[in-house]
Enquirer: 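The structure's right below; bear with me while I get my questions together.
All residue numbers refer to positions in the sequence shown, counting from 1. What you see is a predicted model, and the numbers here were worked out from it, not measured in a lab.
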Amino acid sequence: MRAVQFSEYGPPAVMRVAEVEAPHAGEGEVRIAVRASGISPGEVQIRSGRMRDVVPTGFPCRTGFDAAGVVDEVGDGVAGVAIGDEVFGVTAMSRRGANADHAVLVYWAPKPGAWSWEEAGGAAGSVETATRVLDRLGVGAGHTVLVQGAAGAVGTIAVQMASARGATVIGTASERNHDLLRSLGARPTTYGTGLVERVRAMAPKVDAVFDCAGGALPDLIAIAGDPARVVTIAPDFGAASLGVHMSHGAPAEETGDAMGAAADPMALHGLGVAVELAGRGRLRIPIAAAFPLEEVVAAHELSETRHARGRIVLVN
């Protein structure tokens, strides 16, 4: 089968589509024939080598954390899913490989009928990340949350999931993306100089800050009033010195085994919430661009611009 991999850290050009042996579903897992898979900002950071101390890799390293497709193999101990079912879900972080013709999922849920394959293929990773961070921040009804970088792959999902919890959401983005944020349920503002003053004018009290972009932690701490009320998913290794938690997957954070968030049962909970919201028309998956699997280099180049509005996906 075809699979995306790289054999050294570096720029997008190190990515290759190679012929490899197909994986098989183990106990408690399913294998899918992939229809679409995501390119996440985290994967870009791993490929570049910036995350080598957090997520160590061996070479060649396959890529892709989330995917959607048709179940074609069911492992022992799996119930409630059958060959031919359409699902979306996540791989184990320690053996990624969703950017391929076949992928093994450790957590999955039925593909919502309202979503295209592209939307479903780009959904699970962002849903898991948004759920993990919103839970850590304790975001719920009556709270006000700021999402920094709200028009990106995770930000667009975080805005909708926080809003569905009953929170008031303020989102930062460039002005060209403000209509998008309004359509997702956020009150938009711009990032950069003057952010603290702009947010305070919109909401005197902000209960939590979800940083999807990086580069502005001092301002975000000032807005929240306490670094403990800020969580970042950006690879900002100065976060700890400021007292800000950098979230990159629950088991890796708790045990140091770098397995990643797919080993966390909360990932399954988040996917179930996403299916329910999608069924009520409350969760859209904005797609910035869809590329054929063979054009993975172009997909990573777009991701590195950090100007993509929503998820970037590969289609098979």
Side-chain angles (χ1 to χ4, degrees), residues 1-21 23 34 37-67 90-104 106 121-122 124-126 128-129 149 152-154 211-215 217 232-241 244-253 255-263 288-289 291-308 311-314:
M1 71 164 194
R2 299 172 303 159
V4 174
Q5 61 184 35
F6 60 95
S7 296
E8 61 180 320
Y9 294 125
V14 302
M15 309 294 292
R16 297 286 186 273
V17 177
E19 287 292 329
V20 302
E21 185 176 346
V34 177
S37 59
I39 298 289
S40 72
E43 287 283 348
V44 171
Q45 298 296 330
I46 291 169
R47 183 262 304 151
S48 71
R50 298 186 188 100
M51 296 285 285
R52 70 183 74 192
D53 293 332
V54 178
V55 185
T57 64
F59 296 121
C61 178
R62 296 186 192 176
T63 68
F65 178 55
D66 51 1
V90 292
T91 68
M93 187 69 166
S94 62
R95 46 192 173 89
R96 299 180 307 281
N99 301 145
D101 288 324
H102 295 274
V104 171
V106 294
S126 292
E128 186 283 320
T129 301
V154 175
D211 175 31
C212 302
L217 286 181
T232 184
I233 60 170
D236 187 337
F237 296 100
S241 66
V244 171
H245 180 74
M246 185 175 75
S247 185
H248 51 77
E253 293 166 353
T255 69
D257 65 6
M259 281 292 292
F291 295 86
L293 192 70
E294 294 82 2
E295 295 182 18
V296 63
V297 171
H300 272 244
E301 288 173 343
L302 176 58
S303 184
E304 286 202 334
T305 68
R306 303 182 68 182
H307 294 305
R311 286 303 303 264
I312 300 168
V313 297
L314 300 175

Enquirer: Kindly say whether Ala153 contributes a backbone atom to a donor-acceptor pair with the side chain of Ser126 at under 3.5 angstrom?
Expert: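 Yes, Ser126 side chain to Ala153 backbone: donor-acceptor pair under 3.5 Å.
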Enquirer: Decide side chain to side chain contact (heavy atoms under 4.5 Å, CB included) for Val4 and Met15; before the verdict, give the C-alpha distance in whole Å, the side-chain angles of both, and the deciding distance to 0.1 Å.
Expert: CA-CA 7 Å; Val4 174; Met15 309 294 292; 3.3 Å; yes
Enquirer: Can you check side chain to side chain contact (heavy atoms under 4.5 Å, CB included) on Phe291 and Val313, steps first, answer last?
Expert: CA-CA 6 Å; Phe291 295 86; Val313 297; over 6 Å; no
Enquirer: Can you list the residues that meet the salt bridge (charged side-chain N to carboxylate O under 4.0 Å, His left out) rule with Glu304, with sequence neighbours excluded?
Expert: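 In terms of salt bridge (charged side-chain N to carboxylate O under 4.0 Å, His left out), with neighbours along the sequence ignored, Glu304 is linked to Arg47.
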Enquirer: Rounded to the nearest 0.5 Å, what's the gap from OG on Ser303 to NE2 on His300? Could you check?
Expert: 7.0 Å
Enquirer: Minimum heavy-atom separation for Ala308 and Ile312, please, with both atom names.
Expert: CB-CD1, 3.8 Å
Enquirer: What is the minimum heavy-atom distance between Ser241 and Gly238, and which atoms define it?
Expert: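 Between these two residues, the closest heavy atoms are OG-O, 2.7 Å.
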Enquirer: Is there a side-chain contact between Met1 and Val20 in this structure, where contact means two heavy atoms from C-beta onward sitting under 4.5 Å apart?
Expert: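 Touching, per the 4.5 Å side-chain cut-off.
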Enquirer: Nearest 0.5 Å, please: how far is OG in Ser247 from CG in Asp211?
Expert: 11.5 Å
Enquirer: Less than 4.5 Å apart, side chain to side chain, heavy atoms only: is that true for Leu314 and Val296?
Expert: yes
Enquirer: To check you understand the geometry: which heavy-atom pair defines the closest contact between Ala100 and Val34, and what is its length?
Expert: O-CB, 3.2 Å
Enquirer: Which value, rounded to the nearest 0.5 Å, describes the distance between Ile39 atom CD1 and Asp66 atom CG?
Expert: 9.0 Å
Enquirer: Tell me the closest heavy-atom pair linking Cys212 and Ile233, and the distance in Å.
Expert: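 Between these two residues, the closest heavy atoms are CA-CG1, 3.8 Å.
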Enquirer: Is any side-chain heavy atom of Val297 closer than 4.5 Å to a side-chain heavy atom of Arg16?
Expert: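 No, side chains not in contact.
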Enquirer: For Asp101 and Arg2, indicate whether the former's side chain and the latter's backbone hold a donor-acceptor pair under 3.5 Å.
Expert: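 Pair found, side chain donor or acceptor close to backbone of Arg2.
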Enquirer: If you define the side chain from C-beta out and look only at heavy atoms, does anything of Phe65 sit under 4.5 Å from Glu43?
Expert: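 Heavy-atom side-chain distance check passes, below 4.5 Å.
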Enquirer: Val106 versus Thr91: any side-chain heavy-atom pair under 4.5 Å?
Expert: no
Enquirer: Check whether Arg311 reaches the backbone of Gly122 with its side chain - one donor and one acceptor, N or O, closer than 3.5 Å.
Expert: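 Yes, because the side chain of Arg311 sits within donor-acceptor range (under 3.5 Å) of the backbone of Gly122.
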Enquirer: Quick check for you: to the nearest 0.5 Å, what is the distance between Tyr9 atom OH and Thr57 atom OG1?
Expert: 3.0 Å
Enquirer: Measure the CG-OG distance between Leu293 and Ser37 for me, rounded to the nearest 0.5 Å.
Expert: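 It comes to 6.5 Å.
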Enquirer: Tell me if a side-chain donor or acceptor on Asn99 pairs with a main-chain N or O of Gly64 at a distance below 3.5 Å.
Expert: yes
Enquirer: For Val90 versus Ala124, what's the shortest heavy-atom pair and its separation?
Expert: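 Looking at all heavy atoms of both residues, the shortest contact is CG1-CB, 3.6 Å.
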Enquirer: Is a side-chain N or O of Arg52 found less than 3.5 angstrom from the main chain of Gly49, in a donor-acceptor match?
Expert: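 Checked: pair present.
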Enquirer: Does any part of the side chain of Pro12, heavy atoms only, come nearer than 4.5 Å to the side chain of Glu301, both counted from C-beta?
Expert: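 Counting from C-beta outward, Glu301 and Pro12 do come under 4.5 Å.
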Enquirer: Do Thr63 and Arg96 have side chains that approach each other closer than 4.5 Å (heavy atoms only, starting at C-beta)?
Expert: no
